[in-house]
Amino acid sequence: LLSVAYKNSVGGRRAAWRIITSVEQKEKSKGNEDNAKFANEYCKKVEDELQNFCDTILGLLDSNLIGKASTGESKVFYQKMKADYYRYIAEFTTDQKKTNAANSAEAAYADAASVAEKDLAVTHPIRLGLALNY
C-alpha cells in the first residue's frame with residue numbers, strides 16, 4: 001500500500017511536470033515570454049513537491065524498509081523502488097544532481113538485480129518489473 005500511495009502521488013506530479021515543461025517550451029517558441037515564465041515558476045513548484053516526496057520515501061527505504069527486509073522478494077522490491085525514485089529525481093534535475101541521482105539509481109538497480117538472480121525465478125513478477133526498468 002505504501003508503494004501504491006507514493007507511486008500515485010509522484011506519478012501525477014511527474015505527468016504534470018512533463019506537461020508544464022512542454023507548455024513552457026511551446027510558449028518560448030511562440031515568443032510568449034510572460035507565459036513561459038509563469039510555466040517555469042509553476043514547474044519549480046512541482047519539482048519541489050516531487051523532490052520532497054522522493055526524499056521522504058528514499059529516507060524510509062534507507063532507514064527502515066531495506067534493512068529490515070527478510071526475504072529476497074522484499075529486498076528486490078525495496079531496492080527496485082529505491083532505484084525508481086532516484087530515476088524520477090534524475091528526470092527533473094540537472095547537472096550534478098542529475099548525475100548523482102542516475103548513479104544512485106544504477107547502483108540500486110544493480111543491487112536488486114543481484115538479489116533477484118539468486119532468490120527469484122526468472123518469471124517472478126517483481127524480477128520481470130525490475131528487468132523492464134533496469
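Position 1 is the first residue of the sequence; numbering continues from there.
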Worked verdict on Lys7 versus Tyr85 for side-chain contact (heavy atoms from CB on, under 4.5 Å) = CA-CA 9 Å; Lys7 185 83 167 180; Tyr85 283 91; 4.2 Å; yes
inquiry  = Under the criterion side-chain contact (heavy atoms from CB on, under 4.5 Å), I'd like the reasoning laid out for Gln51 against Thr93: C-alpha separation, chi angles, the key distance, then a yes or no.
reply    = CA-CA 9 Å; Gln51 188 69 56; Thr93 55; 4.0 Å; yes
ask   = Please walk me through it: do Val10 and Leu50 pass side-chain contact (heavy atoms from CB on, under 4.5 Å)?
value = CA-CA 6 Å; Val10 170; Leu50 274 168; 3.7 Å; yes
inquiry  = Walk me through whether Arg127 and Val76 qualify under side-chain contact (heavy atoms from CB on, under 4.5 Å).
reply    = CA-CA 8 Å; Arg127 186 170 176 180; Val76 172; 5.8 Å; no
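The residues Glu91 and Arg14 are annotated as salt-bridged, a charged nitrogen and a carboxylate oxygen being separated by less than 4.0 angstrom.
Between Tyr42 and Glu24, the side chains place no donor N or O within less than 3.5 Å of an acceptor N or O (distance only, hydrogens not considered). A side-chain N or O of Tyr109 and one of Asp84 form a donor-acceptor pair less than 3.5 Å apart.
Cluster annotation: Ile19 is not connected to Val46 through the hydrophobic network of ILVMFWY side chains, with a link wherever side-chain heavy atoms come within less than 4.5 Å. Cluster membership check: Tyr78 does not share its hydrophobic cluster with Leu128, using side-chain heavy-atom separations under 4.5 Å among Ile, Leu, Val, Met, Phe, Trp and Tyr. Phe92 and Phe53 fall within the same hydrophobic cluster, defined by Ile, Leu, Val, Met, Phe, Trp and Tyr side-chain heavy atoms under 4.5 Å apart, directly or through other members.
In the displayed structure, Phe38 atom CZ is contacted under 6.0 Å by at most 12 heavy atoms of other residues, nucleotides or ligands. Within a 6.0 Å radius of CG in Leu132, other residues, nucleotides and ligands contribute more than 12 heavy atoms. Within 6.0 Å of the NZ atom in Lys26, the count of heavy atoms belonging to other residues, nucleotides or ligands does not exceed 12.
Residue Ser74 comes nearest to Ser70 through the heavy atom pair OG-N, 3.5 Å, listed as atom of the first residue, atom of the second, then distance. Ala39 and Val23 make their closest contact through CB-CG1, 4.5 Å (heavy atoms, listed as atom of the first residue, atom of the second, distance). Smallest separation of non-hydrogen atoms from Gln79 and Ala112: CB-CB, 3.6 Å.
The side-chain heavy atoms of Asp95 and Thr99, taken from C-beta on, include no pair separated by under 4.5 Å. In this structure, the side chains of Cys54 and Tyr86 stay at 4.5 Å or more apart for every pair of heavy atoms. Within the 4.5 Å cutoff, no side-chain heavy atoms of Glu73 are placed close to those of Asp119. Side-chain contact between Ser22 and Arg18 is absent, with no heavy-atom pair separated by less than 4.5 Å. You'll find the side chain of Glu41 stays beyond 4.5 Å of the side chain of Lys44, heavy atoms only.
In this structure, the side chain of Asn52 engages the main chain of Asp48 through a donor-acceptor pair within 3.5 Å. Side-chain atoms of Ser114 never come within 3.5 Å of backbone atoms of Ala110 as a donor-acceptor pair (strictly under, hydrogens ignored). Here the side chain of Lys82 pairs no donor or acceptor atom with the backbone of Ala108 at under 3.5 angstrom.
Here CD1 of Ile20 is found 13.0 Å from CD of Glu27. Values are rounded to the nearest 0.5 Å. For the atom pair CD (Glu47) and CD1 (Ile89), the distance works out to 12.0 Å, reported to the nearest 0.5 Å. We find the NE2-CG distance between His124 and Leu130 to be 11.5 Å, quoted to the nearest 0.5 Å. Note that the CG atom of Asn40 and the CD atom of Glu33 stand 10.5 Å from one another [nearest 0.5 Å]. Here Leu2 contributes atom CG and Leu61 contributes atom CG; the two are 7.5 Å apart, rounded to the nearest 0.5 Å. Atom CE of Met81 and atom CD1 of Ile126 lie 11.5 Å apart (nearest 0.5 Å).
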